[in-house]
Amino acid sequence: MKVNILDLKGQYKVIRSDVNKAIKKIIDSQEFVLGKELQLLEEEIAQYCNTKYAVGVASGTDALVVSLMALGIKPGDEVITTPFTFFASAEAVSLVGATPVFVDIDPKTYTIDPALIASKITKRTKAIIPVHLYGQCCDMDPIIAIAKKHNLKIVEDCAQSIGAAYKGKKSGSMGDLGGLSFYPSKNLGAYGDAGMVVTNDKQLFETLKILRVHGSRGGYLHLMIGINSRLDNIQAAVLRVKLKHIDSWLEARREKARFYNDHLKGLPITVPYVPSYNVHTYHQYVIRPNANLEAFMSFLIKSGIETRTYYPVPLHLQECYRSLKYKKGDLSESEKASLETCAIPVYPELNKKEMNYIVEKIREFYGK
Ligand SMILES: *Cc1c(COP(=O)(O)O)cnc(C)c1O
């Protein structure tokens with residue numbers, strides 16, 4: 001049997017006629033950039049994330065970049081984030097000329113450890129980017145308290161966490177700004193690159209709308225240096241079709257996670273830890289096999305089950321950040337997680353047969 005880490009074809013089958021119709025409507029209208037469709041999507045996403053405003057941009061990376069630009073983050077500033085994330089969380093900081101400062105993770109949730117943040121704050125620190133990794137929110141209350149105390153802004157990286165909740169609050173609604181990604185493999189994926197910023201702050205909302213069109217409100221008059229970063233109407237149309245299904249898809253992911261949790265019991269595997277205040281959305285179901293990771297992963301891959309480590313090299317040890325002078329051992333929990341964890345397939349369309357097969361093969365690896 002062959003089971004990929006993600007297979008979007010099954011999802012397309014279910015929504016094919018709606019998606020095709022929606023795309024055709026945009027092509028017929030020939031309105032491709034900044035039109036009605038995007039405006040409707042922005043309203044729907046803002047409502048879904050329980051925020052007042054949303055601004056569509058070209059990618060999740062851009063969502064973080066324009067967020068930092070809107071906050072006025074600039075060269076010489078420092079922004080605190082986690083090294084155990086996709087590169088873009090820190091790249092966005094570097095792209096506005098600021099310096100990412102990495103804080104280690106809590107080894108149970110794999111998200112930034114709030115207890116370690118305070119010691120990394122300097123006079124230059126301007127913001128924190130908590131990354132809601134794998135679809136589960138960071139422990140936000142202590143992060144918000146630290147930000148208040150030190151007058152720091154918060155940009156939530158919600159690329160993996162649309163629909164997740166922390167103490168009843170939706171991911172993206174707790175910081176000053178939240179950056180979403182609609183990269184095709186994300187829990188709400190477009191048919192190309194796309195992203196969005198959500199916020200409750202009217203001033204930031206107005207600034208973001210200007211920033212994404214070259215710092216202009218129109219008329220070839222430029223108020224600030226912006227960029228060209230829009231979410232196009234074809235992508236917006238696809239996303240509007242898919243948004244109607246998001247809650248049932250997220251519930252299906254949780255159901256797969258429960259199945260794994262039950263069926264991996266008794267094995268020396270650490271399954272995802274979910275604090276009682278969190279609603280997880282399982283963008284990834286990440287396990288710690290407590291065995292030789294390479295042997296574990298190659299056994300699964302030989303059995304036809306695709307598995308991956310997200311992420312194999314923590315950002316403080318990336319070549320491009322050598323100038324920041326981190327060394328091995330500096331952020332040990334992130335380093336350990338990068339060597340000891342892997343994701344197994346968890347997408348909504350996985351069927352019982354595939355899931356049984358995955359569990360059976362994992363048990364076989366341990367001889368159980
Ligand atoms: C995917 C991702 C991004 C970037 O999103 P893109 O749409 O690919 O630019 C940023 N942060 C995290 C944590 C991600 O997983």
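As the structure lists them, so they are numbered: ligands from 1, and atoms in each ligand from 1. What you see is a predicted model, and the numbers here were worked out from it, not measured in a lab.
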If you count the atoms of ligand 1 from 1 in the order shown, which ones are under 4.0 Å from a heavy atom of V131?
13 (C)
When you compare the side chain of K242 with that of I15, does any pair of heavy atoms fall below 4.5 Å?
yes
With a 4.0 Å cut-off on heavy atoms, does G195 reach ligand 1?
no
Below 4.0 angstrom from a heavy atom of A159, which ligand 1 atoms are there? Numbered from 1 as shown, please.
2 (C), 3 (C), 10 (C), 11 (N), 12 (C), 14 (C), 15 (O)
N4 and Y347: side-chain donor and acceptor closer than 3.5 Å?
no
When rounded to the nearest 0.5 Å, the distance separating NZ of K2 from CD of E306 is 5.5 Å
Of all the non-hydrogen atoms in the protein, which one sits nearest to atom 11 (N) of ligand 1, and at what distance?
D157 OD2, 2.8 Å
Between D104 and D113 (side chain of the first, backbone of the second, donor and acceptor by atom type, cut-off under 3.5 Å), is there such a pair?
no
Looking only at distance, does D62 have an N or O less than 3.5 Å from an N or O of ligand 1?
no
Please list, in number order, the atoms of ligand 1 under 4.0 Å from a heavy atom of T85.
13 (C)
Under 3.5 Å between any N/O of G60 and any N/O of ligand 1: does that happen in this structure?
yes
Donor-acceptor side-chain pairing of N50 and S173 below 3.5 angstrom:
no
Judged by modelled atom types alone, do Y357 and N351 share a side-chain donor-acceptor pair under 3.5 Å?
no
Establish, from distance only, whether the side-chain atoms of T122 and E78 form a donor-acceptor pair under 3.5 Å.
yes
Nearest non-hydrogen protein atom to atom 2 (C) of ligand 1, with distance, is K186 NZ, 2.6 Å
Among non-hydrogen protein atoms, atom 15 (O) of ligand 1 lies closest to Q160 NE2, 2.8 Å
Looking just at side-chain N and O atoms, do T111 and D139 make a donor-acceptor pair shorter than 3.5 Å?
no
Compare V57, D193, T61 and give the one whose heavy atom is closest to atom 4 (C) of ligand 1.
T61
the protein heavy atom lying closest to atom 5 (O) of ligand 1 turns out to be S181 OG, 3.3 Å
May I ask you to check whether Y183 has an N/O atom sitting below 3.5 Å from an N/O atom of ligand 1?
no
